Amino acid sequence: MLKRCGRRLLLALAGALLACLLVLTADPPPPPVPAERGRRALRSLAGPSGAARAPGLEAAAAAPGAPVREVHSLSEYFSLLTRSRRDAGPPPGGVPRPADGRPRSPVEQLAPRDVFIAVKTTKKFHRARLDLLLETWISRHEEMTFIFTDGEDEALARRTGHVVNTNCSAAHSRQALSCKMAVEYDRFIESGRKWFCHVDDDNYVNVRALLRLLGSYPHTQDIYLGKPSLDRPIQATERVSENKVRPVHFWFATGGAGFCISRGLALKMSPWASGGHFLSTAERIRLPDDCTVGYIVEALLGVPLVRCGLFHSHLENLQQVPASALHEQVTLSYGMFENKRNAVHIKGPFSVEADPSRFRSIHCHLYPDTPWCPRTAIF
Ligand code: UDP
Ligand code: MN
């Protein structure tokens with residue numbers, strides 16, 4: 001009996017060893033490719049016919065010197081994005097990567113009117129997305145928040161005086177998005193405020209945490225704060241003259257997680273960002289608005305992005321943001337991730353059905369004195 005068990009055990013061990021050897025000698029995993037931007041990047045890289053120009057992945061993320069990977073179909077592109085997002089995700093065990101760019105000791109006491117938060121939206125999302133923001137975080141911080149949209153909306157104008165109709169096209173094209181960013185930048189410069197922050201209309205901004213973070217950097221210095229979603233610099237092609245292009249690589253903060261720029265830096269960006277210049281700069285590298293900001297700051301001005309793990313887009317797994325650390329997070333989001341609903345995990349006070357984005361629950365967690373928050377809520 002013992003002998004038979006011993007033989008079985010030996011056989012099992014040999015099998016396991018063989019399996020390990022097979023895994024170790026199998027092909028190495030493919031090199032990582034763009035780790036983010038999903039549909040937005042795809043749309044932006046799509047030519048006029050709507051088909052993605054695969055070698056348009058000239059804008060792929062690549063380590064300096066690494067060959068740029070060619071992608072030949074949309075489905076291949078999607079699967080590469082999904083795979084590399086997984087590669088770039090947090091390490092197993094849910095241990096978060098150390099976040100730099102965390103608030104340091106305060107250097108400036110900021111008042112809400114020192115900060116200009118630009119929310120990018122489009123008319124079709126006024127009811128679907130913006131109303132939720134107006135009910136939650138914007139309701140507490142109207143003087144900081146400016147809404148940049150593309151269509152008149154009387155109901156919206158009645159709710160807040162800070163609506164800017166950019167008259168940009170309502171399309172989700174590279175040009176239309178850059179047109180909005182250009183108007184955001186110009187309005188910020190006119191405002192005279194100390195900090196410019198940009199967010200999308202699917203972001204929750206935790207303004208107390210934002211003020212803490214910004215107050216730990218001097219606004220007169222060159223500060224570009226945000227979170228890249230790629231795990232390496234983006235590699236693009238920069239047009240330098242009529243018939244000359246050259247490769248360029250730089251980090252950029254993903255627009256979907258929000259980012260902030262100090263006034264000192266914003267003023268230096270002016271030759272490439274003010275008036276109509278932002279659009280022509282975006283054309284020079286043929287990338288979306290947030291990449292263009294990174295290009296101006298990192299590639300043209302030589303100012304490095306300060307990475308901050310407190311900004312969050314729906315291109316990362318939001319379930320991994322610990323509910324106990326919500327007070328510290330600067331931005332949150334909701335949406336889809338790897339074809340699944342992606343939102344912050346927080347218990348109550350609203351059910352997932354009643355509050356799928358979790359923004360109402362987050363808001364009650366951060367501002368329990370809000371009149372519509374259930375009084376009995378226990379977190
Ligand atoms: N957006 C826009 N015009 C459009 C579609 C979207 O200005 O035609 C804005 C939208 O309001 C949001 C941002 O672009 O602030 C990103 O859009 P979305 O979240 O739908 O796409 P993502 O890039 O996150 O996949
Ligand atoms: Mn989004």
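What you see is a predicted model, and the numbers here were worked out from it, not measured in a lab. Just so you know, ligand 1 is whichever comes first in the structure, and atom 1 is the first atom listed for that ligand.
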If you measure from [atom] to every heavy atom of [options], which option wins on shortest distance?
atom: atom 13 (C) of ligand 1; options: D150, D200, T149, V119; value: D200
atom: atom 14 (O) of ligand 1; options: H314, K124, K120; value: K120
atom: atom 3 (N) of ligand 1; options: T166, T122, D201, V199; value: T122

**Message:** Using a 4.0 Å cutoff against the non-hydrogen atoms of D202, which atoms of ligand 1 qualify?
**Reply:** 19 (O)
**Request:** Heavy-atom contacts with R129 under 4.0 Å: which atoms of ligand 1 show up? List them by number with element.
**Result:** 12 (C), 18 (P), 19 (O), 20 (O)
Heavy-atom distances under 4.0 Å decide this one: backbone, side chain, both or neither, for [X] against ligand 1?
X: A176; answer: neither
X: L177; answer: side chain
X: S313; answer: neither

**Item:** Residue pair D290, K120: steps toward the salt bridge (Lys or Arg N to Asp or Glu O under 4.0 Å) verdict
**Value:** CA-CA 12 Å; D290 49 358; K120 175 173 70 182; over 6 Å; no
**Request:** Using a cut-off of strictly less than 2.8 Å, determine whether D200 has an N/O/S atom near the Mn ion (ligand 2).
**Result:** no
**Request:** Keeping to residues at least two apart or across chains, list the ring pair (Phe, Tyr, Trp, His ring centres under 6.0 Å) pairs with something in residues 255-299.
**Result:** H198-F259, F250-Y295
**Prompt:** What N, O or S atom of D202 is found closest to the Mn ion (ligand 2)?
**Reply:** OD2
**Close approach of A170 to ligand 1, heavy atoms, under 4.0 angstrom** = yes
**Item:** Residues D369 and R375 bridged, charged N to O under 4.0 Å
**Value:** no
**Message:** Assess whether a salt bridge exists between K123 and E152, defined as any Lys/Arg side-chain N lying under 4.0 Å from an Asp/Glu carboxylate O.
**Reply:** no
**Prompt:** When you measure from the centre of the six-membered ring of W195, is the NZ or CZ of R263 under 6.0 Å away and within 45° of the axis?
**Reply:** no
**Prompt:** V248, W251: one ILVMFWY side-chain cluster at the under-4.5 Å cut-off?
**Reply:** yes
**Prompt:** So does R113 have more than 12 non-hydrogen atoms from other groups sitting under 6.0 Å from CZ?
**Reply:** no
**Prompt:** Out of F350, W137, Y367, Y334, which residue meets the ring pair (Phe, Tyr, Trp, His ring centres under 6.0 Å) rule with F359?
**Reply:** Y334
